[in-house]
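What follows is a short report on a single structure.
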Amino acid sequence: MTGANFDWHRRAVLGAMAALAATPATAIDKGARGAADPFALGVASGDPDVDGFVLWTRLVGAFAEPLRAGAVEIRCEVATDPAFRQIVRASRGAARPERGHAVHVEIVGLPAGRPYWYRFHALGATSPAGRAATVPHTADRLRLAVTSCQHWEQAQFGVYRDIVASAPDLVLQLGDYIYEQSYPDLPTVRSFGAPEPRDLAGYRQRHALYKTDPDLQAAHRVCPWVVTWDDHEVLNDYANLANREGLPPELFAPRRAAAYQAYFEHMPIRPSLWRGRATPRLYRSVDWADLASLSVLDTRQYRSAPPCAAQNVARNVRLDACAEAAAPSRTIMGRAQEQWLSDRLTQESRPWSLVAQQVFFAPLWLDGSHQSTFSDQWDGYTANRDRVLAGMRYPAVRNPVVLSGDVHSFWVNDLATSDGVPVGSEIVTSALGAASPPSGRFGDVARNNPHVRFHDIQHAGWVRLDVDQQSLRADMRVISDRIVARSEVRTAASFVAKSGSRDLVRS
Ligand code: FE
Ligand code: CA
């Protein structure tokens, strides 16, 4: 593309950028110019489509503290080359204090299926360049890096170097991107340096701390991310407004809203999903050409309170002593999201139907009774799970694969309907960096759970998922020592599914 073809797409300037035209020059805070690197939190791209993606950064002051400034002018450039010789989008806008000086730019109207490079300019500084890409119309392959659970105090994030080296098309983060609390009984490698966040300033500070990690920043620069939250972005095991701290809804709601706002301010998620909405929407689709649909769920915001729980604390329950867990009226998705997923599965046209979500989906029996389980995962919402599994039997859904996190361990599970018809598979990724569960946490897994094909509760790591028209391959990439920044990463196990088989087999 030549300079003469410089394409100012009508909608190229959106989000924060669009507001600038209405911002008088005097409203821009010239006094904010300072010595500290305003781009110390890095840059990110996310939620790619065939014609664009969303770009993110957040301006900060010294030591990643909030910028003490009013509205700050910021420019964004998108190029077809890493040296920015061919700039195809250029826009300017304002980073605003009411958004923590976070900036989201939705880029549209670009040609499909090619890489782009982007950067920001503000306060006399230029950000590092990130690489994004538009989704192709047709694709032979897709490589996903699937991650979850990264506890700042419990691990170095050096495993991201293995993800960067693998050159994924997308990083898929399934929640617990931040942790709100410390676990003083576990070994630590570094400190939050702050108490548990309870308000907007606290959650912003926690997200900013995470974003200072150089390995995490490098992974955000290498490709677009698709993210969804789990519980620790707000509070351990919360369920809609039910929470273990016993806060009444009128006190927990503003805390949750602050946590949600900080999350959106720090993630490359399209602002149209959350800005100006009473209830932000995180569930969405990010489909990959004619190859794979990706349905991204939010199983926290709308879920029923934990069943048979005193003080709303999710716990191990016996389902035969807790009829409530199976009540059809209970939901982990909420009605609207469940209908949305059902509609998508009914109308599926791509060979692979990936469902990306937070918590363990298959039954997980903790003893031989097939009754004892943990109510914070789908076992506490069995009717909702049965309805989703029934939907996966639609002829249109040839290869459903559920992707999960949360349990800090790797699992491969067979999925079947409530009447025993095999429908597909679940792949659970371990923590990217967090302590492993105690060795006896899940009981005698092999004896009590014949539908579990593989589990590894000793290692942190990530799942490399390679999809083509004929097959899906999952490689469990495990790290030898999460405490060491440059620990070795190796493939501990690999599983392959042939299209149409609904069967993930160890290879
Ligand atoms: Fe976790
Ligand atoms: Ca979790």
Side-chain angles (χ1 to χ4, degrees), residues 148-149 151 174-183 185-186 196 228-249 251-253 255-256 259-260 282 297-334 337 357-367 369-386 388 402 404-409 411 413 426 428 431 434-438 440-443 445 448-449 457:
S148 97
C149 295
H151 199 295
L174 298 177
D176 295 353
Y177 185 104
I178 62 161
Y179 277 78
E180 86 290 15
Q181 63 183 126
S182 299
Y183 293 82
D185 296 343
L186 295 170
E196 183 175 328
T228 186
W229 55 42
D230 193 29
D231 52 341
H232 288 286
E233 282 84 355
V234 181
L235 176 67
N236 185 27
D237 287 352
Y238 83 96
N240 193 339
L241 293 176
N243 66 91
R244 58 172 53 230
E245 295 194 354
L247 295 171
L251 290 182
F252 188 64
R255 176 171 173 183
R256 192 185 77 164
Y260 284 2
L282 190 58
L297 306 190
D298 171 3
T299 62
R300 284 288 164 193
Q301 185 173 192
Y302 317 104
R303 67 161 71 184
S304 308
C308 307
Q311 282 87 43
N312 286 323
V313 177
R315 60 185 179 95
N316 291 354
V317 292
R318 286 192 61 90
L319 297 185
D320 53 2
C322 179
E324 184 191 348
S329 59
R330 288 178 53 73
T331 180
I332 195 172
M333 300 173 72
Q337 179 177 204
Q357 55 92 46
Q358 296 72 26
V359 290
F360 207 96
F361 183 77
L364 180 55
W365 308 121
L366 301 175
D367 67 14
S369 69
H370 286 195
Q371 297 294 336
S372 178
T373 188
F374 182 54
S375 68
D376 187 61
Q377 46 208 41
W378 287 74
D379 276 337
Y381 305 83
T382 56
N384 196 159
R385 177 173 62 204
D386 288 345
V388 171
V402 176
S404 319
D406 180 55
V407 281
H408 301 199
S409 40
W411 302 72
N413 306 322
E426 176 181 22
V428 184
S436 301
R441 171 69 185 91
F442 305 109
V445 172
N448 301 328
N449 295 276
I457 66 171

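For the numbers below, each heavy atom of this structure counts, side chains included, while hydrogens, waters and symmetry mates do not.
Closest heavy-atom contact between Ile457 and Pro438: CD1-O, 4.1 Å. The shortest heavy-atom contact between Ala242 and Ala305 is CB-CB, 3.8 Å. Of all non-hydrogen atoms in Pro249 and Leu241, the two that sit nearest each other are CB-CD1, 4.0 Å. When all heavy atoms of Val428 and Val407 are compared, the closest pair comes out as CG1-CG2, 3.6 Å. Annotation for Leu297 and Gln357: closest pair CB-CB, 3.7 Å, computed over non-hydrogen atoms. Between Ala327 and Ala383, the shortest heavy-atom contact is O-CB, 3.8 Å.
The side-chain heavy atoms of Pro363 and Arg385, taken from C-beta on, include a pair separated by under 4.5 Å. A 4.5 Å side-chain heavy-atom check between Leu174 and Asp230 finds every atom pair outside the cut-off. Proximity of Asp176 to Glu233: side-chain heavy atoms (C-beta onward) are separated by under 4.5 Å at one or more points. Side-chain contact between Leu235 and Phe252: present, with at least one pair of heavy atoms (C-beta onward) separated by less than 4.5 Å. Residues Val359 and Arg303 meet the side-chain proximity criterion, which asks for heavy atoms closer than 4.5 Å. Side-chain contact between Tyr238 and Glu180: absent, with no pair of heavy atoms (C-beta onward) separated by less than 4.5 Å. Inter-residue side-chain proximity for Asp376 and Phe360 is flagged as unmet; no heavy-atom pair is nearer than 4.5 Å. The side-chain heavy atoms of Trp378 and Ile332, taken from C-beta on, include a pair separated by under 4.5 Å.
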Stepwise side-chain contact (heavy atoms from CB on, under 4.5 Å) test for Arg318 and Ser369: CA-CA 9 Å; Arg318 286 192 61 90; Ser369 69; 3.3 Å; yes
side-chain contact (heavy atoms from CB on, under 4.5 Å) between Val388 and Met333, worked out: CA-CA 10 Å; Val388 171; Met333 300 173 72; 3.8 Å; yes
Test log, rule side-chain contact (heavy atoms from CB on, under 4.5 Å), inputs Thr331 and Tyr381: CA-CA 6 Å; Thr331 180; Tyr381 305 83; 5.8 Å; no
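For Phe442, the ring-ring contact (aromatic ring centres under 6.0 Å, His included) partners two or more places apart in sequence, or in a different chain, are Trp411. Contacts of His151 classified as ring-ring contact (aromatic ring centres under 6.0 Å, His included), with partners at least two apart in sequence or in another chain: Tyr179, Tyr183, Phe192.
Atom NE2 of His408 sits about 6.5 Å away from atom CG of Asp406, to the nearest 0.5 Å. The distance from atom CH2 of Trp365 to atom OG1 of Thr373, rounded to the nearest 0.5 Å, is 6.0 Å. Distance CD/Gln181 to CG/Asn236: 5.0 Å, rounded to 0.5 Å. Atoms CG and CD, from Leu319 and Gln371 in turn, are 5.5 Å apart once rounded to the nearest 0.5 Å. A distance of 8.0 Å separates CG of Asn240 from OG of Ser304, quoted to the nearest 0.5 Å. How far CG of Asn448 is from CG of Leu364: 9.0 Å, rounded to the nearest 0.5 Å.
At least one cation-pi condition fails for Arg300 and Tyr260: the charged atom is not both under 6.0 angstrom from the six-membered ring centre and inside a 45 degree cone around its axis.
Salt bridge status for Arg315 with Asp237: absent, with no side-chain N to carboxylate O gap under 4.0 Å. Here Arg255 pairs with Glu245 in a salt bridge; the nearest charged N to carboxylate O distance falls below 4.0 Å. Using a 4.0 Å cut-off between charged side-chain N and carboxylate O, Asp231 and Arg244 make no salt bridge.
Between the side chain of Arg256 and the backbone N or O of Gln301, at least one donor-acceptor pair lies under 3.5 Å.
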